[in-house]
Amino acid sequence: MAEKKGIILSGMRPTGKLHIGHLVGALENWVGLQHSYDCCFLVADLHVLTTGFEKSAEIPANIHEMVCDWLAVGLDPARSTFLIQSRVCEHSELNLILGMITPMPWVERNPTLKEMISDLELTGKIHFGLMGYPVLQAADILLYRANLVPVGEDQVAHVEMTREIARRFNHLYKPVFPEPKAKLTSTPRLPGTDGKKMSKSLGNCIYISDDEEAVKTKVRQMVTDPRKIRLGDPGRPEICSVYSYHAIFNKPETGEITEGCRSGKLGCVDCKGRLAAAIGTTLDPIRQRRKAYENDPLKVKEILLEGSKAASKRAAETMAQVREAMGMDY
Ligand code: TRP
C-alpha cells in the first residue's frame, strides 16, 4: 500500500438505498479521507443476517443500490478498496478466533447492541449471531490492521470494544493489532422529515437517489414550528427541522433565513422552496454520476469482486500473523 497516513476501514450494512443523513453523516467524510489514507469500504452483508436472516435473497439488490450511492457520491474504486464481507472468508475466521477471547459481559453491556435490540423489539428473540455483532465488527476492522474508523456516534461503542479486543489479543499472544480510533464527523445528526430519527422503517427519509420532484414533495411535508401558522407569524428556527437542514445544505443563506423566520417575513412555504433548491444543488451532480452505474450491475459487481480480491491478500497476511502469534502456525 502507498505512502499514506494509515489505513482506514469503514462499512455499512447493505439494506438498500442510502439517505441524505448517510451523505452528510458519513459519506462526505469518507470521500475526503480517500486522498490521505488507504481506505477500505466494507459491504457488511453478514451483519445484515444478524437481524435479517430470513431476507437473505434481497441482499444482492440492496448491495447494488448501496454501492451505486457510494460511487455516485465520489467514493473511488481506483483509489480505495471496496469489498464484500462474505467474499473475504477471513472475516469469518477472525470473528471466530476473537469470539474465543471476548468475555461475554463485554458483549452484554455494549450500548449500541442493546439499543439495536430494543429498537427492533428483539428482546427474548435474540439469536446467537446477533450477540456476536460487535465481535464480527471488530474482526472487520482488525483484519486490515486499520488505524482509523470513520463512523457515526452510534458506532463508537463498537470501535471501543474493538480496541479492547485488540489490546487483549496483543497482551495474550503477541502484538499484531494496532488499536483503532473512531473518527467522528462534525455534522450534527440530520432528523427525518417528521423530526424523528431518519430511518427507512419510519418512512421519513430523503434518499440520495430521489429526483427533484420527490425532494420537493418530501420537503413540503416537513414539520415546522407549530406556532408559525401563517405568513407574518414569527417562527423559532432552533426547533424547526427545515432550519436544521438549511444549516447543513444551505449555509450561505442561513443568516437571512433565521432573520426572515424570526421576524415572520419569510413564510414556511418559501423557506421550504429554498431548501428543496439547495438540496437539489447538492444532489444534482450525484444523480448524474449515479446514472452511469444504475443500469450496469455487472460493472458494480466487478468493482466489488476486484476489491474483495485485493482485500483478501492483506487479510491473509493478518491471519498468518494471528496464527503465528498464537503458536498455531502448523
Ligand atoms: N455496524 C455498522 C453499521 O451498522 C456497519 C459495520 C460493519 C461497520 N462492520 C463495520 C462499520 C466495521 C465500521 C467498521 O453502520
Side-chain angles (χ1 to χ4, degrees), residues 6-19 21-27 29-30 33 37-52 59 62-63 65-67 69-70 75 80-88 90-92 94-95 98-99 102 107 110-117 119-120 122 129-166 177-185 189-190 197-201 205 304 307-308 311 314-315 318:
I7 296 173
I8 277 187
L9 181 129
S10 199
M12 289 182 183
R13 278 171 290 167
T15 53
K17 295 182 289 188
L18 301 177
H19 54 61
H22 293 119
L23 176 66
V24 298
L27 295 172
N29 196 19
W30 294 10
L33 290 164
Y37 291 86
D38 280 312
C39 294
C40 296
F41 301 119
L42 167 82
V43 177
D45 59 339
L46 296 173
H47 273 110
V48 173
L49 301 176
T50 61
T51 54
I59 294 175
N62 286 337
I63 292 180
E65 291 297 335
M66 181 176 84
V67 177
D69 286 331
W70 283 7
L75 295 185
S80 305
T81 309
F82 290 38
L83 68 123
I84 300 185
Q85 192 180 31
S86 68
R87 273 287 161 152
V88 182
E90 284 85 355
H91 285 262
S92 299
L94 187 58
N95 170 55
L98 297 180
T102 305
V107 178
N110 180 299
T112 303
L113 188 58
K114 277 193 197 162
E115 195 180 302
M116 194 169 161
I117 290 165
D119 279 0
L120 297 173
L122 290 174
L130 178 58
M131 289 315 283
Y133 191 113
V135 180
L136 180 58
Q137 185 155 339
D140 297 338
I141 297 166
L142 298 179
L143 190 55
Y144 302 97
R145 285 163 278 143
N147 308 102
L148 221 53
V149 188
V151 281
E153 194 134 8
D154 62 316
Q155 295 292 310
V156 170
H158 289 334
V159 181
E160 261 324 300
M161 211 176 115
T162 303
R163 291 166 64 81
E164 282 171 325
I165 294 174
F177 301 118
E179 284 179 34
K181 286 199 185 76
K183 187 173 178 17
L184 290 165
T185 28
R189 190 193 277 205
L190 200 65
K197 176 176 163 184
M198 192 181 280
S199 129
K200 194 165 161 179
S201 54
C205 299
L304 291 167
S308 301
R314 187 161 172 93
T318 303

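Just follow the structure's listing: the first ligand is 1, and inside any ligand the first atom is 1. The figures that follow rest on heavy atoms only: side chains count, while hydrogens, waters and symmetry mates do not.
- Among all non-hydrogen protein atoms, the one lying nearest atom 2 (C) of ligand 1 is Q155 OE1, 3.2 Å.
- Judged purely by atom type and a 3.5 angstrom limit, Q85 uses its side chain to pair as donor or acceptor with the backbone of D45.
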The test is side-chain contact (heavy atoms from CB on, under 4.5 Å); show your working for L9 and L143 and say whether it passes.
CA-CA 10 Å; L9 181 129; L143 190 55; over 6 Å; no

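- Neither the backbone nor the side chain of L136 comes within contact range of ligand 1; no heavy atom lies under 4.0 Å.
- Put simply, the side chain of T81 never gets that close to the backbone of A311: no donor and acceptor are under 3.5 Å apart.
- Of all protein heavy atoms, the one closest to atom 5 (C) of ligand 1 is G11 O, 3.6 Å.
- Ranking protein heavy atoms by distance to atom 9 (N) of ligand 1, first place goes to D140 OD2, 2.7 Å.
- Within the 3.5 Å criterion, the main-chain N or O of F177 finds no donor-acceptor partner in the side chain of R145.
- Of all atoms in ligand 1, numbered sequentially from 1 with element shown, those under 4.0 Å from a heavy atom of A44 are 7 (C).
- Judged by distance alone, with hydrogens and angles left aside, the side-chain atoms of T112 form a donor-acceptor pair with the main-chain N or O of D154 at under 3.5 Å.
- When each of W70, F82, Y37 is tested with W30 by the rule ring pair (Phe, Tyr, Trp, His ring centres under 6.0 Å), just one qualifies, namely W70.
- Those atoms of ligand 1 that come under 4.0 Å of a heavy atom in V151, given as number and element, are 13 (C).
- The atoms of ligand 1 that sit less than 4.0 Å from any heavy atom of R13 are 4 (O).
- Within ligand 1, the atoms closer than 4.0 Å to a non-hydrogen atom of Y133 are 1 (N), 2 (C), 3 (C), 4 (O), numbered from 1 in the order shown.
- Counting heavy atoms closer than 4.0 Å to ligand 1, residue Q85 contributes nothing at all.
- Applying the 4.0 Å criterion to heavy atoms of L42 picks out, from ligand 1, the atoms 9 (N), 10 (C).
- Note on ring orientation: taking the six-membered ring where Trp is involved, the planes of Y133 and H47 are tilted (angle from 30° to 60°).
- Among all non-hydrogen protein atoms, the one lying nearest atom 7 (C) of ligand 1 is H47 ND1, 3.4 Å.
- For ligand 1, the polar-atom distance check finds no N/O of H158 at less than 3.5 Å from any of the ligand's N/O atoms.
- Remark: side-chain polar atoms of D69 are paired, donor with acceptor, to backbone N or O of L18 under 3.5 angstrom.
- At least one donor-acceptor pair under 3.5 Å links the side chain of R314 to the backbone N or O of Y144.
- The protein heavy atom nearest to atom 14 (C) of ligand 1 is L9 CD2, 3.6 Å.
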